[in-house]
Amino acid sequence: MSLVGKKFPNVTIDAMSEMGDDLRINVFQEAAENQQKVLLFWYPKDFTFVCPTELHAFQEALPEFEKRNTKVIGASCDTNEVHFAWLNVSKDNGGIEGVTYPLLADTHRQLANLLDIVDQDLDFDEEGNEVFTGSNVTYRATYLIDETGKVFHEAVNDMPLGRNVKEFLRMIDAYTHVQKHGEVCPANWEEGKDAMKADRTSTAEYLAKN
């Protein structure tokens, strides 16, 4: 079920800071109470393969998100202790040392299940017993949340597929343009390019020029 256009769940989850501090973070409140956008990205598991490349990519782009008044939060179903252990492994050994944004530790899968992003299926055997299949970790889901706590973009990748961090910056720019100017953003829009008014005349003029 898509959350686009709806409020993000108002749920508080354990988290870990880069300094090893145990935190409690409510993503909805981070956005609504602090009047900032939030990018929340889920990855399957600590100490894996594609995941550290993504965490470092978001870290490298962190100044760009901060310029856009956007807080970056990572998330998986690992524990705080596992997060902290991974934060203390160097990049050249497959670790995430140097990552400075917080990491949610949704060990009970409370939020992940609300978002329906856990790779798990429930079936029953011939005797009626519950049988769970799947990895029981999350897909690569990403949520962009505005200053009211509303989701304005979401994307879910299968586990082998790493994300394009620049695309999320583009989506934030586009949504901010809509907020400021009341215009709509056409396909492949980037900051500085023409946008349109939400009417047929403006669309026709845009298509004629492009």
Side-chain angles (χ1 to χ4, degrees), residues 1-3 8-9 11 13-23 25 27 30 37-66 70-123 131-145 151 153-172:
M1 180 182 67
S2 174
L3 284 180
F8 193 81
V11 175
I13 300 294
D14 288 337
M16 170 62 59
S17 78
E18 81 278 11
M19 300 302 294
D21 298 318
D22 291 326
L23 308 174
I25 292 180
V27 175
E30 287 288 330
K37 293 181 175 68
V38 173
L39 182 147
L40 172 66
F41 74 97
W42 293 81
Y43 60 93
K45 207 171 184 180
D46 293 359
F47 291 98
T48 51
F49 317 110
V50 176
C51 297
T53 70
E54 292 193 311
L55 271 76
H56 285 296
F58 279 109
Q59 179 65 35
E60 289 168 10
L62 198 59
E64 292 299 319
F65 286 106
E66 291 172 345
T70 301
K71 184 180 182 68
V72 173
I73 301 173
S76 79
C77 298
D78 294 282
T79 66
N80 271 350
E81 291 78 14
V82 175
H83 283 337
F84 189 56
W86 204 24
L87 282 162
N88 281 282
V89 177
S90 64
K91 182 178 179 180
D92 58 4
N93 280 321
I96 58 167
E97 184 178 34
V99 166
T100 61
Y101 47 81
L103 301 176
L104 297 187
D106 189 17
T107 55
H108 296 292
R109 291 158 178 75
Q110 180 184 7
L111 181 54
N113 280 323
L114 282 174
L115 299 172
D116 195 23
I117 57 171
V118 179
D119 174 31
Q120 183 185 85
D121 290 313
L122 170 64
D123 205 347
V131 177
F132 291 95
T133 59
S135 63
N136 202 32
V137 297
T138 66
Y139 295 103
R140 298 186 192 282
T142 313
Y143 298 87
L144 292 177
I145 302 150
V151 177
H153 176 76
E154 67 180 12
V156 183
N157 292 10
D158 202 356
M159 294 174 195
L161 306 174
R163 281 162 278 216
N164 183 336
V165 173
K166 291 181 180 178
E167 174 62 7
F168 299 112
L169 291 168
R170 188 189 76 85
M171 291 301 300
I172 292 168

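In what follows, every heavy atom counts, from backbone to side chain, and hydrogens, waters and symmetry copies are set aside.
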Handout entry: Residue pair Ser17, Leu23: steps toward the side chain to side chain contact (heavy atoms under 4.5 Å, CB included) verdict
Key = CA-CA 7 Å; Ser17 78; Leu23 308 174; 3.9 Å; yes
Exercise for the section: State, with a plain yes or no, whether a side-chain heavy atom of Phe8 is found less than 4.5 Å away from one of Leu40. Expected result: yes
Exercise for the section: Flag the pair Val27 / Ile145 as yes when at least one side-chain heavy-atom distance between them is below 4.5 Å, and no otherwise. Expected result: yes
Completion exercise
Which of Trp42, Tyr43, Phe41 passes ring pair (Phe, Tyr, Trp, His ring centres under 6.0 Å) with Phe58? Answer is Phe41
Fill in the blank from the handout: Taking every heavy atom of Glu18 against every heavy atom of Thr100, the minimum-distance pair comes out as OE1-O, 3.1 Å
Handout entry: Residues, nucleotides or ligands: over 12 heavy atoms within 6.0 Å of Phe47 CZ
Key = yes
Exercise for the section: Give a yes or no answer on whether the side chain of Trp86 reaches the backbone of Glu97 with a donor-acceptor pair at less than 3.5 Å. Expected result: no
Problem - Rounded distance (nearest 0.5 Å) linking atom CD of Gln110 with atom CD1 of Ile13 - result: 4.5 Å
Exercise for the section: Please confirm whether the backbone N or O of Leu111 pairs with a side-chain atom of Asp106, one donor and one acceptor, at under 3.5 Å? Expected result: yes
Problem - Any side-chain heavy-atom pair of Met16 and Asp22 under 4.5 Å - result: yes
Exercise for the section: Taking the side chain as every heavy atom from C-beta outward, state whether Tyr101 and Glu66 have any atom pair closer than 4.5 Å. Expected result: no
Practice task
Check whether any side-chain heavy atom of Ile117 lies under 4.5 Å from a side-chain heavy atom of Tyr143, and answer yes or no.
Solution key: yes
Fill in the blank from the handout: When rounded to the nearest 0.5 Å, the distance separating CD1 of Ile172 from CZ of Arg170 is 11.5 Å
Exercise for the section: With side-chain hydrogen bond (donor to acceptor under 3.5 Å, both in side chains) as the test, would you mind laying out the steps for Tyr139 and Asp119 before giving the verdict? Expected result: CA-CA 7 Å; Tyr139 295 103; Asp119 174 31; 3.1 Å; yes
Practice task
Apply side chain to side chain contact (heavy atoms under 4.5 Å, CB included) to Leu103 and Ile96, showing your working.
Solution key: CA-CA 11 Å; Leu103 301 176; Ile96 58 167; 3.8 Å; yes
Exercise for the section: Over all heavy atoms of both residues, which pair between Gly162 and Asn157 is shortest? Give the atoms and the distance, please. Expected result: O-ND2, 3.8 Å
Exercise for the section: Go through the steps for Leu144 and Lys37 under the test side chain to side chain contact (heavy atoms under 4.5 Å, CB included), then give the verdict. Expected result: CA-CA 7 Å; Leu144 292 177; Lys37 293 181 175 68; over 6 Å; no
Problem - Polar side-chain atom of Asn113 near backbone of Arg109 as donor-acceptor pair, under 3.5 Å - result: yes
Completion exercise
The reported gap from OG1 in Thr79 to CG in Asp14 (rounded to nearest 0.5 angstrom) is 10.0 Å
Practice task
Using atom types as modelled and distance alone, determine if a side-chain donor or acceptor of Asn80 lies under 3.5 Å from a backbone N or O of Ala15.
Solution key: yes
Handout entry: Asn88, CG: over 12 other non-hydrogen atoms inside 6.0 angstrom
Key = yes
Handout entry: Stepwise side chain to side chain contact (heavy atoms under 4.5 Å, CB included) check, Val118 with Val137
Key = CA-CA 5 Å; Val118 179; Val137 297; over 6 Å; no
Handout entry: Side chain to side chain, Val38 and Ile73, heavy atoms closer than 4.5 Å
Key = yes
Practice task
Determine, for Lys45 against Glu54, whether the closest basic-nitrogen to carboxylate-oxygen distance falls under 4.0 angstrom.
Solution key: no
Handout entry: Under 3.5 Å: donor-acceptor pair, side chain of Arg140, backbone of Val156
Key = no
Problem - CE-OG1 distance between Met171 and Thr142, expressed to the nearest 0.5 angstrom - result: 11.5 Å
Practice task
Report yes or no: does Asn164 contribute a side-chain atom to a donor-acceptor pair with the main-chain N or O of Lys166 at less than 3.5 Å?
Solution key: yes
Practice task
State whether the side chain of Asp78 and the backbone N or O of Val82 hold a donor-acceptor pair below 3.5 Å, judged by distance alone.
Solution key: no
Practice task
Considering non-hydrogen atoms only, spot the tightest contact between Ala141 and Arg163 and give its length.
Solution key: O-NH1, 3.1 Å
Handout entry: Test item: His83 side-chain N/O and Leu104 main-chain N/O as donor-acceptor pair under 3.5 Å
Key = yes
Problem - Contact check, side chains of Cys51 and Asp46, non-hydrogen atoms, under 4.5 Å - result: no
Exercise for the section: Answer yes or no: is there a side-chain heavy-atom contact under 4.5 Å between Phe168 and His153? Expected result: yes
